[in-house]
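Both ligands and their constituent atoms are indexed starting at 1 by order of listing.
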Amino acid sequence: MTVDLKKRMVLKASMAGLVTAATLGASGKVMAKDVHTRIIRFGYGLADSSPSGDAVRFFAKEVGKLSGGKLKVKTYGNGSLGSDEQMQNALIGGSQEMTFVSTAPLAGMVKGFGVFDLPFLFNNDKIADTTLDGPAGQKLLEALPPKGLIGLLYWENGFRNLTNSRHPIAKMEDLKGIKLRVMQNEVALAVFNALGANAIPMPFTELFTALETKTVDGQENPLSTIQTSKFYEVQPYLTLSKHVYTPFVLLASKRWWDTLTPDERDIIMQASRTTQAYQRKASREADGTALTFIKDHGVKVAEFSPEEKERIRETLKPIVEKLRINIGPDTVDSVMSAAKQAA
Ligand code: KDG
């Protein structure tokens, strides 16, 4: 069949109203897709210029391509639709279709997600990917639909590092009395309080102002966020602590998901997967360039030595044991053993 003939067949099929979108299969056959015109509001808290913001735009293009332009993803970055928690609730209520959030705020709904706030859980990103994409990570996603959310898959937030405006932090004792913004869950709170900081839970959307006005002294986030959310402008000290790896969960509103046709769900899922590879790569590359950028802007950089990390691990052992019970021993054990196996 000629290309021209194929094109005409697609045109004829869609004009006849038989299909709402159509593509040509490998065999040259017209494949009908049951896809309707829809707007998908996709909000997120990070800056538009972040690697994840870039990934959301990539996702929007993929969805557009796969749906023949019928599914239109409208992107809202910089927390313009609210904090992670507010967007989670908007998804549950059905007034927003998609977002990605850190696992930390999801722990308010599904306690098991708190496991990812335990320090030094993953030694590198490969271990994180294998654990998250394997049964241990998937089991957590499966706990979301009864709460009104669909956890499509994991993207990456990344390894977190400390910044502050008081003094260099190179050992545990340096954290003493630092008013440190943490993500909103009991694990992050307990861990940093146990290390001597004065941990203050706060949504990401309020963080820059809180740092600028010195309502808090410090915070912790991946390097690319420290760059793109401009924390380096008000935080002269950085510690390469890599104390926690935070995953992002790509979320869809269950209320909305239930109204989609199987073809539409396939499109969203396929685009999510393609974007996962793109997003993880972009996030890792950006982490490298961000360090140079931050240094070039005068931020003083310290590091937790391997010995110091070991000391922190030892100090936190009793609190981690307590948290294991609260988070759910089965979840903590399965994530830890998957990480061990992946190493
Ligand atoms: O877009 C996601 C952000 O809102 C948030 O999850 C970033 O790691 C984050 C934090 O510190 O809250």
Side-chain angles (χ1 to χ4, degrees), residues 41-59 75-91 96 98-109 113-114 116-117 119 121-122 128 132 149 151-152 154-164 179-189 191-192 197 199-211 215-232 234-235 238 241-252 275 279-280 282-283 286-287 290:
R41 285 158 295 187
F42 192 133
Y44 56 96
L46 294 182
D48 284 335
S49 58
S50 65
S52 301
D54 184 31
V56 174
R57 290 186 290 276
F58 178 90
F59 173 76
T75 67
Y76 302 86
N78 292 315
S80 55
L81 295 187
S83 65
D84 285 6
E85 291 82 352
Q86 286 166 328
M87 289 192 287
Q88 271 168 215
N89 290 332
L91 260 57
Q96 184 183 327
M98 290 190 73
T99 185
F100 64 78
V101 296
S102 290
T103 43
L106 283 174
M109 236 177 274
F113 279 110
F116 301 116
D117 294 289
L121 190 64
F122 300 135
L132 293 164
L149 295 168
L152 294 168
Y154 293 95
W155 284 0
E156 159 165 308
N157 190 349
F159 282 101
R160 306 177 80 85
N161 298 284
L162 288 160
T163 65
N164 86 99
K179 281 186 278 168
L180 187 79
R181 178 272 176 172
V182 295
M183 289 194 286
Q184 292 150 292
N185 77 26
E186 57 154 19
V187 182
L189 197 65
V191 164
F192 281 104
I200 301 170
M202 180 185 286
F204 184 78
T205 36
E206 291 169 26
L207 182 51
F208 183 86
T209 308
L211 294 170
T215 307
V216 293
D217 302 314
Q219 65 85 44
E220 37 87 61
N221 253 297
L223 294 171
S224 62
T225 302
I226 295 168
Q227 175 184 357
T228 56
S229 289
K230 301 197 186 314
F231 298 155
Y232 69 91
V234 288
Q235 296 276 275
L238 164 71
S241 48
K242 291 181 89 174
H243 51 277
V244 155
Y245 174 94
T246 305
F248 277 141
V249 180
L250 181 61
L251 289 174
T275 311
Q279 194 270 349
R280 283 175 170 166
S283 161
D287 230 42

In Å, rounded to the nearest 0.5 Å, how long is the span from OG1 of T163 to CG of L211?
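One finds 6.0 Å between OG1 of T163 and CG of L211.
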Of the side chain and backbone of [X], name the one, both, or neither that has a heavy atom under 4.0 Å from an atom of ligand 1.
{"X": "R181", "result": "side chain"}
{"X": "D84", "result": "side chain"}
{"X": "T205", "result": "neither"}
{"X": "Q219", "result": "neither"}

Less than 4.0 Å is my threshold; does some heavy atom of T246 fall inside it relative to ligand 1?
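No heavy atom of T246 comes that close to ligand 1.
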Please answer whether the main-chain N or O of [Y] pairs with a side-chain N or O of [X] as donor and acceptor at a distance below 3.5 Å.
{"X": "T275", "Y": "A55", "value": "no"}
{"X": "Q235", "Y": "D217", "value": "yes"}
{"X": "S224", "Y": "S283", "value": "no"}
{"X": "R160", "Y": "V244", "value": "no"}
{"X": "N185", "Y": "A104", "value": "yes"}
{"X": "R57", "Y": "D48", "value": "yes"}
{"X": "S80", "Y": "G77", "value": "yes"}

Any N or O of [X] closer than 3.5 Å to N or O of ligand 1:
{"X": "E220", "value": "no"}
{"X": "M183", "value": "no"}
{"X": "R160", "value": "yes"}
{"X": "L46", "value": "yes"}

Going by the angle between their ring planes, with limits at 30° and 60°, are F248 and F100 parallel, tilted or perpendicular?
tilted
By number and element, which atoms of ligand 1 are closer than 4.0 Å to a non-hydrogen atom of [X]?
{"X": "F248", "value": "2 (C), 6 (O)"}
{"X": "F100", "value": "1 (O), 2 (C)"}
{"X": "S102", "value": "5 (C), 6 (O), 7 (C), 8 (O), 9 (C)"}

Closest approach of any protein heavy atom to atom 8 (O) of ligand 1, naming residue and atom:
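Sorting protein heavy atoms by distance from atom 8 (O) of ligand 1 puts N157 ND2, 2.7 Å first.
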What protein heavy atom sits nearest atom 1 (O) of ligand 1, and how far away is it?
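So the nearest neighbour among protein heavy atoms is G45 N, 2.8 Å.
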